[in-house]
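Shown next, in structure tokens, is the structure this report addresses.
Numbering starts at 1 and runs along the sequence shown.
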Amino acid sequence: MFDLDRWQEIFSSIRSNVLRTVLSGFTVALGLFIFIVLFGIGNGLNNSFAKAFTRDATNLIMVWGGKTTIPYAGLQSDRQITFNNDDFDAIVKESKGKLEYASPRYQTNLTVKYGKESGSYQINGVLGDEKFLENRTMIDGRYINERDNEQKQNVASIGRMVWRDLIRDGNPIGKDLEINGTMFKVVGVFSDPGGDWDERHISIPLATLQQMKKSSDTISTVMLSYNPNMTPDEGVKYGDQLEKSIRARHQISPDDQQGIRVNNNAKNTQDSFAFLFVITAVVGFIGLGTLLAGIIGISNIMVYIIKERTKEIGVRKAIGAKPSGIVALILQESIVITVISGFVGVGLGVLALKLIGNNLEDYFITEPSVGWGLIAAAFFCLVISGAIAGFVPAYKASKIKPIEALRTD
């Protein structure tokens, strides 16, 4: 393997047969290039799905009221279903031992002013658990808490973009915002993985907002997360039971899809990742097919190369070369070409993914990449295949008698 004369002979053969070498290496480089790009895009899809499901708690269930479309239990259709505090209390009571966090939300859009700056923002009346349900992180200060609700305090936790839009410079904690003519003290600033839209929300105590709305006990949404010890299947089952209970409470037909809306992240995750599994399987099948095509290409080219070098092999045997030496020479040359071409394919594939970057986010592909372990496995698979592709025809050729090899056209 470390015979200097053999290495010189190999590189001399490569230089003398550039076209043959390029054809041998092209299928290897192309196979690895396509394999890396395809699997990188597949991982980009995975990243997008993972990012989408980390915006809120992965075990989050949200319930909204709608408008009935089917008459039921003696009641007419076209009824507006509105939730109130009693609905939330009933859900919490029925879900004892199954809940991690829970919060009602009463939302409305109101004008918010600070000094000369003003704007319309979504105001959410909530309990403190909303912070965990929305996966929010405090940049400064604190979030709305139970005491704020008990005392109906005029305090607000604001999103990062509200701070940037209205207060701009300086520490926002302790600043007073005017919300619909009422002064609220800023007690915290949060960031939200949902991005700028969710960071333009303002959270205040639910009791305070309901009081501002003339002591209404209305809520817009019920937000809750089920016990994290429950499996996704158990989470789906719990969500279905919850929906059935709410339908019964408000006398909504089981077939009425508009009367109530339930968004269960467990069910969404199951459906989405089942779809993603199919996509990943297709990408993997195509990628492995590309590698297989590269292996077949190497085999075909090596058969042609051996046939082309039959006379050369005859001369070598005539002057005393051993069959094992001939096989080792051709095998070593095959491995060298495969390794060099493999490095070229890997380099081009990784470079392509770097250039793609996040340019395909509009197509739900985020940060496409491939782990070096998978690249190494594919690389060695092709190297071994190249060695086998070179060994088989070389071994057969080494068995040919010198006189027969010299007569070959």
Side-chain angles (χ1 to χ4, degrees), residues 1-42 283-313 316 321-354 369-400:
M1 189 69 176
F2 299 99
D3 188 330
L4 182 59
D5 291 337
R6 182 183 294 173
W7 279 107
Q8 289 176 340
E9 191 171 350
I10 288 172
F11 286 112
S12 175
S13 174
I14 291 174
R15 286 193 300 269
S16 302
N17 300 276
V18 176
L19 179 61
R20 185 179 75 191
T21 303
V22 171
L23 289 175
S24 301
F26 178 74
T27 53
V28 177
L30 182 63
L32 273 173
F33 172 79
I34 296 177
F35 177 86
I36 291 171
V37 171
L38 281 176
F39 268 87
I41 290 174
V283 170
F285 179 78
I286 296 173
L288 292 175
T290 303
L291 282 181
L292 181 60
I295 293 171
I296 293 173
I298 296 171
S299 301
N300 291 337
I301 290 173
M302 288 308 300
V303 169
Y304 170 78
I305 290 173
I306 298 301
K307 185 176 181 181
E308 185 186 50
R309 299 176 66 176
T310 302
K311 281 189 177 181
E312 175 191 331
I313 292 172
R316 289 178 180 276
K322 295 181 179 179
S324 59
I326 294 172
V327 172
L329 176 66
I330 297 175
L331 184 61
Q332 192 170 333
E333 182 177 337
S334 174
I335 292 174
V336 168
I337 294 172
T338 305
V339 169
I340 294 174
S341 304
F343 279 125
V344 172
V346 169
L348 291 176
V350 172
L351 177 62
L353 292 180
K354 290 289 184 183
S369 62
V370 180
W372 285 108
L374 184 61
I375 292 176
F379 180 84
F380 284 112
C381 178
L382 275 178
V383 170
I384 293 171
S385 300
I388 295 173
F391 172 79
V392 174
Y395 179 78
K396 289 181 179 179
S398 68
K399 296 298 182 180
I400 299 176

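With respect to F35, the side chain to side chain contact (heavy atoms under 4.5 Å, CB included) criterion is satisfied by exactly one of L374, I375, V346: L374.
Here the OG atom belonging to S341 is positioned 11.0 Å from the CG atom belonging to L30, to the nearest 0.5 angstrom. Atom CD1 of I41 is separated from atom CD1 of I36 by 12.5 Å, given to the nearest 0.5 angstrom.
Every residue two or more places apart in sequence or in another chain that forms a ring-ring contact (aromatic ring centres under 6.0 Å, His included) with F379 is listed here: F343. With sequence neighbours excluded, no residue forms a ring-ring contact (aromatic ring centres under 6.0 Å, His included) with F380.
Residues V37 and L348 have side chains not in contact (no heavy-atom distance under 4.5 Å, counting atoms from C-beta outward). In this structure, F33 and L38 have side chains that are not in contact, with every pair of non-hydrogen atoms separated by 4.5 Å or more. In this structure, the side chains of L353 and F39 stay at 4.5 Å or more apart for every pair of heavy atoms.
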- Go through the steps for V344 and F26 under the test side-chain contact (heavy atoms from CB on, under 4.5 Å), then give the verdict. CA-CA 9 Å; V344 172; F26 178 74; over 6 Å; no

